[in-house]
Amino acid sequence: MSQKSIQWFKIAESIHEIPWKQNNMAVVEAGGKKVTLALVKNKIQACLYSCPHAGGILADGFLDASGNIVCPLHRYKFSLINGRNISGEGYYLKTYEVEEKETGIYVGFEESKWLNFLK
């Protein structure tokens, strides 16, 4: 059974260092990528910077009462837990793991397996 390989990138020393907007979302850079962060019930969730449907900047949207991220352009809703498009349009939002440690806050990107033979 293969284990997934995750590359971790430090994004902040603490939760207070993240540039949160009034909607409890922020944009940070991790590993050369822009990432959207959302603060849901005091837990940081991470996902793509833009909506997979039409490219709306997700941090400009909002979080619904269930903690789903809602795109500002067409109001498509996505689960921050598994990336499912819960409003039914059939899109998928890439989500990332977040770890809060004593040494800081990290976002993890799963490494692509198909290039592993080059290593």
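- Using the six-membered ring where Trp is involved, Tyr91 and Tyr76 have ring planes that are tilted, between 30° and 60° apart.
- Both Ile105 and Leu37 belong to a single network of hydrophobic side chains, linked directly or stepwise wherever heavy atoms of I, L, V, M, F, W or Y lie under 4.5 Å apart.
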Practice prompt. Apply the test side chain to side chain contact (heavy atoms under 4.5 Å, CB included) to residues Cys71 and Leu58: give CA-CA distance (whole Å), side-chain angles for both, the deciding distance (0.1 Å), then the verdict.
Written response: CA-CA 5 Å; Cys71 177; Leu58 290 169; 3.9 Å; yes

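- Atom CG in Asp64 sits 12.0 Å away from atom CZ in Arg75 (nearest 0.5 Å).
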When the side chains of residues 11-27 are checked against the rest of the protein, which donor-acceptor pairs come out under 3.5 Å, sequence neighbours left out?
residue, atom, partner, partner atom, Å
Glu13, OE1, Lys10, NZ, 3.4
Glu13, OE2, Lys10, NZ, 2.9
Ser14, OG, His16, N, 3.3
Glu17, OE2, Glu13, N, 3.2
Trp20, NE1, Ile15, O, 3.0
Lys21, NZ, Ala59, O, 3.4
Lys21, NZ, Asp60, OD1, 2.5
Asn23, OD1, Met25, N, 3.1
Asn23, ND2, Ala59, O, 2.8
Asn23, ND2, Gly61, O, 2.9

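- Within 6.0 Å of atom CD1 in Ile81, 12 or fewer heavy atoms from other residues, nucleotides or ligands are found, so the atom counts as exposed in its surroundings.
- Between the side chain of Asn85 and the backbone N or O of Lys77 there is at least one donor-acceptor pair closer than 3.5 Å.
- Nearest heavy atom pair, residue Tyr92 against residue Pro52, reads O-CG, 3.3 Å.
- Looking at every heavy atom in both residues, Gly55 comes nearest to Ser50 through O-CB, 3.5 Å.
- Here the closest heavy-atom approach between residue Val107 and residue Ala30 is recorded as CB-CB, 4.3 Å.
- A distance of 12.5 Å separates CD1 in Ile6 from OH in Tyr96, rounded to the nearest 0.5 Å.
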Worksheet item: For Leu63 and Ile69, what are the C-alpha separation, side-chain angles and deciding distance, and is it a side chain to side chain contact (heavy atoms under 4.5 Å, CB included)?
Response: CA-CA 5 Å; Leu63 298 168; Ile69 195 166; 4.2 Å; yes

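- Asn68 approaches Ser79 most closely through the heavy-atom pair OD1-CA, 3.4 Å.
- Criterion: ILVMFWY side-chain heavy atoms under 4.5 Å apart, direct or through other members. Under it, Val35 and Trp8 are not part of a common hydrophobic cluster.
- Inter-residue side-chain proximity for Leu39 and Ile44 is flagged as met; some heavy-atom pair is nearer than 4.5 Å.
- Phe9 is linked by a ring-ring contact (aromatic ring centres under 6.0 Å, His included) to Phe109, counting only residues two or more places apart in sequence or in another chain.
- Going from atom NZ of Lys94 over to atom SG of Cys47 covers 11.5 Å, rounded to the nearest 0.5 Å.
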Discussion item. One pair to check against side chain to side chain contact (heavy atoms under 4.5 Å, CB included): His53 and Glu89. What are the steps and the verdict?
Written reply: CA-CA 9 Å; His53 168 245; Glu89 294 83 12; over 6 Å; no

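- Distance alone, capped at 3.5 Å, places no donor-acceptor pair between the Thr95 side chain and the Asn82 backbone.
- Taking CG of Leu80 as the reference point, atom CD1 of Ile86 lies at 9.5 Å (rounded to 0.5 Å).
- Note on Val28 and Val40: same hydrophobic cluster, where clusters join Ile, Leu, Val, Met, Phe, Trp and Tyr whose side-chain heavy atoms are under 4.5 Å apart, directly or indirectly.
- Residue pairs meeting the salt bridge (charged side-chain N to carboxylate O under 4.0 Å, His left out) criterion with at least one member in residues 27-46: none, sequence neighbours excluded.
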